[in-house]
Amino acid sequence: MRLTDLVTSGGCAAKYPAARLQELLAGFVPVEAEDLLVGLSPADDAAVYKLDDETALVFTLDFFPPLVDDPDDFGTIAATNALNDVFAMGGRPLLALSIAEFPEDLPQETVAAILGAADRQVRAAGAILAGGHTIRDDEPKYGLAVVGTVHPDGIWPKSGARADDALFLTKPLGTGLVLQAAGPEERAAAVRWMTTLNKDWAEALRGFRPNAVTDVTGFGLLGHAWEMADRSGVRLVLEAAELPALDGALEAARRGEKTGGDRRNREFAEAHVTADGVAEEHLILGWDPQTAGGLLVSLPADQGASLEAQLDARGLFVKRIGRVEAGEGVALA
């Protein structure tokens, strides 16, 4: 039984349209609580609640349908995607619970492989998988609710980018494009990136106190860049030629390949993105929904060379992709 035959869309491409979600959340009155450090106003990668002067809880959840057929890969990718929200806030995962929906006729060994892979990845993140909830559903879905900790002064919001910051990305783009339209070698490489936790990058970043961080997932680089720009009150300028791409991603984009999430992401943020003279393949890459993507980091430009040197010394990928200016919106140039 092929997992992807059971779903209409998989991974973060299955996210509810961001434009509709924005309208729905606009109707909620933010909770007034002194110790709620990050909630819906503005929303971020996770909620953060202060326990005392030294510790705050980071709480998130994420789940989606399969985007690959191998159950071990699917469980690992789903766990990685959820855990990475905690790393994107500057936190360390502590405890996780499974969110699982499976058809009754899905082979038990398939379900066991998904759960076992998630448990292994949670342990690799330094946390414990302590239970969860499972229901019957014709379309399989899996993910995690994750609790982590962070120092109240060490939170990395997506709303803190400042003019004169430099922008960095810690994983290449194109997971949606590659899984849909590339060959087996390129797909295998994409899976390796999607099963890589952002833990090591987060550990390195803690010594730099970045102004803003978010992980790039279902809304694509341009969608998440718009969120950072809007909530920070600045303009993000991205260099199209510097956007790192997975092998096979740009080739697929040049053929005009797009995932279903491309259209929804454009509906969400295209009105706030200028891209005069930019080749269409770079736009497709920028709108491509990512699953378990890298960190988009905004930090003072004078720290950029040190960050790159430290990540390079640790054998960790990083690419400088732009800068922050006074203004609003996102420019892809």
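Everything numeric in this text was worked out from a predicted model, so none of it was measured.
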Task: Inter-residue atom distance Thr175.OG1 - Gln180.CD, 0.5 Å rounding - done: 11.0 Å
TODO: Please examine the side chains of Leu167 and Arg320, heavy atoms only from C-beta on, and report whether any two atoms are closer than 4.5 Å.
DONE: no
Open item on the list: I need the Ile321 CD1 to Leu169 CG distance, nearest 0.5 Å.
Closed with: 5.0 Å
Open item on the list: Phe87 and side chain to side chain contact (heavy atoms under 4.5 Å, CB included): which single residue from Leu197, Leu205, Val58, Asp215 fits?
Closed with: Leu197
Open item on the list: For Ala249 versus Leu285, what's the shortest heavy-atom pair and its separation?
Closed with: CB-CD1, 4.1 Å
Task: Heavy-atom side-chain contact between Asp165 and Arg323 under 4.5 Å - done: no
- [ ] Ignoring hydrogens and angles, tell me if any N or O in the side chain of Thr80 forms a donor-acceptor pair with the backbone of Thr196 under 3.5 Å.
- [x] no
TODO: Identify whether the distance between the nearest side-chain nitrogen and carboxylate oxygen of Glu227 and Lys158 falls below 4.0 Å.
DONE: yes
- [ ] Assess whether atom CG of Asp247 is packed by more than 12 heavy atoms of other residues, nucleotides or ligands within 6.0 Å.
- [x] no
TODO: Indicate yes or no for a side-chain donor-acceptor contact from Lys319 to the backbone of Glu242 under 3.5 Å, with no hydrogens or angles considered.
DONE: yes
TODO: Nearest 0.5 Å please: distance from the CG atom of Leu283 over to the NZ atom of Lys258.
DONE: 9.0 Å
- [ ] Run the salt-bridge test on Lys141 and Glu139 with the 4.0 Å N-O cut-off and return the result as yes or no.
- [x] yes
Task: Shortest non-hydrogen contact between Cys12 and Thr291, atoms and distance - done: N-OG1, 3.0 Å
Open item on the list: Checking Trp226 against Phe219 for the ring-ring contact (aromatic ring centres under 6.0 Å, His included) test, could you report, in this order, the C-alpha distance in whole Å, the side-chain angles of both residues, the deciding distance, and whether it holds?
Closed with: CA-CA 10 Å; Trp226 155 239; Phe219 302 151; over 10 Å; no
- [ ] Count the heavy atoms belonging to other residues, nucleotides or ligands that lie under 6.0 Å from CZ of Arg254, then report whether that count exceeds 12.
- [x] yes
Open item on the list: Check this for me: does any side-chain nitrogen of one of Glu203 and Arg92 sit under 4.0 Å from a carboxylate oxygen of the other?
Closed with: yes
TODO: Give, for atom CG of Leu115 and atom CZ of Phe102, the distance between the pair rounded to the nearest 0.5 Å.
DONE: 5.0 Å
Open item on the list: Rounded to the nearest 0.5 Å, what separates atom CD in Glu325 from atom CZ in Arg235?
Closed with: 6.5 Å
Task: Close side-chain approach of Phe59 and Val146, heavy atoms under 4.5 Å - done: no
Open item on the list: So if I apply the side chain to side chain donor-acceptor pair (under 3.5 Å) rule between Thr214 and each of Asp45, Asp44, Asp85, which one comes out positive?
Closed with: Asp45
Task: Side-chain donor or acceptor of Trp193 paired with backbone N/O of Leu173 under 3.5 Å - done: no
Open item on the list: Between Asp72 and Arg120, does any NZ, NE, NH1 or NH2 come within less than 4.0 Å of an OD or OE carboxylate oxygen?
Closed with: yes
Open item on the list: Keeping Arg231 on the side-chain end and Ser41 on the backbone end, is there a donor-acceptor pair under 3.5 Å?
Closed with: no
TODO: Over all heavy atoms of both residues, which pair between Thr76 and Ala117 is shortest? Give the atoms and the distance, please.
DONE: OG1-CB, 3.3 Å
Task: Min side-chain heavy-atom separation Ser9-Phe64 under 4.5 Å - done: no
- [ ] Apply the test side-chain contact (heavy atoms from CB on, under 4.5 Å) to residues Leu177 and Leu250: give CA-CA distance (whole Å), side-chain angles for both, the deciding distance (0.1 Å), then the verdict.
- [x] CA-CA 8 Å; Leu177 289 163; Leu250 282 174; over 6 Å; no
Open item on the list: Does Val191 form a side-chain contact (heavy atoms from CB on, under 4.5 Å) with Val68? I'd like the steps, not just the answer.
Closed with: CA-CA 9 Å; Val191 168; Val68 293; 4.0 Å; yes
Task: Test item: Lys199 side-chain N/O and Ala124 main-chain N/O as donor-acceptor pair under 3.5 Å - done: yes
Open item on the list: Check whether Lys50 reaches the backbone of Leu57 with its side chain - one donor and one acceptor, N or O, closer than 3.5 Å.
Closed with: no
Open item on the list: So does Thr55 get a backbone contact from the side chain of Asp52, meaning a donor-acceptor N/O pair under 3.5 Å?
Closed with: yes
Task: Donor-acceptor pair, side chain of Gln290 and main chain of Asp288, under 3.5 angstrom - done: yes
TODO: Just do the side-chain hydrogen bond (donor to acceptor under 3.5 Å, both in side chains) check on Asn81 and Asp62 with the steps written out, would you?
DONE: CA-CA 7 Å; Asn81 194 70; Asp62 212 309; 3.2 Å; yes
Open item on the list: With rounding to the nearest 0.5 angstrom, report the CD1 to CG distance, Ile77 to Leu67.
Closed with: 4.5 Å
Task: Short side-chain to backbone donor-acceptor contact, Arg264 and Ala13, under 3.5 Å - done: yes
- [ ] Please lay out, stage by stage, how Asn211 and Ser298 fare under the test side-chain hydrogen bond (donor to acceptor under 3.5 Å, both in side chains).
- [x] CA-CA 6 Å; Asn211 288 327; Ser298 178; 5.3 Å; no
Task: Sequence neighbours excluded - side-chain hydrogen bond (donor to acceptor under 3.5 Å, both in side chains) pairs with any residue from residues 94-117 - done: Ser98-Tyr142
Task: Side chain Asn198, main chain Trp201, donor-acceptor under 3.5 Å - done: no
TODO: Would you indicate whether the side-chain heavy atoms of Asp5 and Asp69 approach each other to under 4.5 Å?
DONE: no
TODO: Would you mind checking if Glu251 and Arg255 are paired as a salt bridge, meaning a charged N to carboxylate O distance below 4.0 Å?
DONE: no
TODO: Kindly indicate whether the side chain of Ile99, heavy atoms from C-beta on, has any atom under 4.5 Å from the side chain of Leu61.
DONE: yes
Open item on the list: Go through it in stages, so that I can follow the logic: the residues are Leu299 and Phe168, the test is side-chain contact (heavy atoms from CB on, under 4.5 Å), and I'd like the CA-CA distance, side-chain angles, deciding distance and then a yes or no.
Closed with: CA-CA 8 Å; Leu299 85 167; Phe168 295 88; 3.3 Å; yes
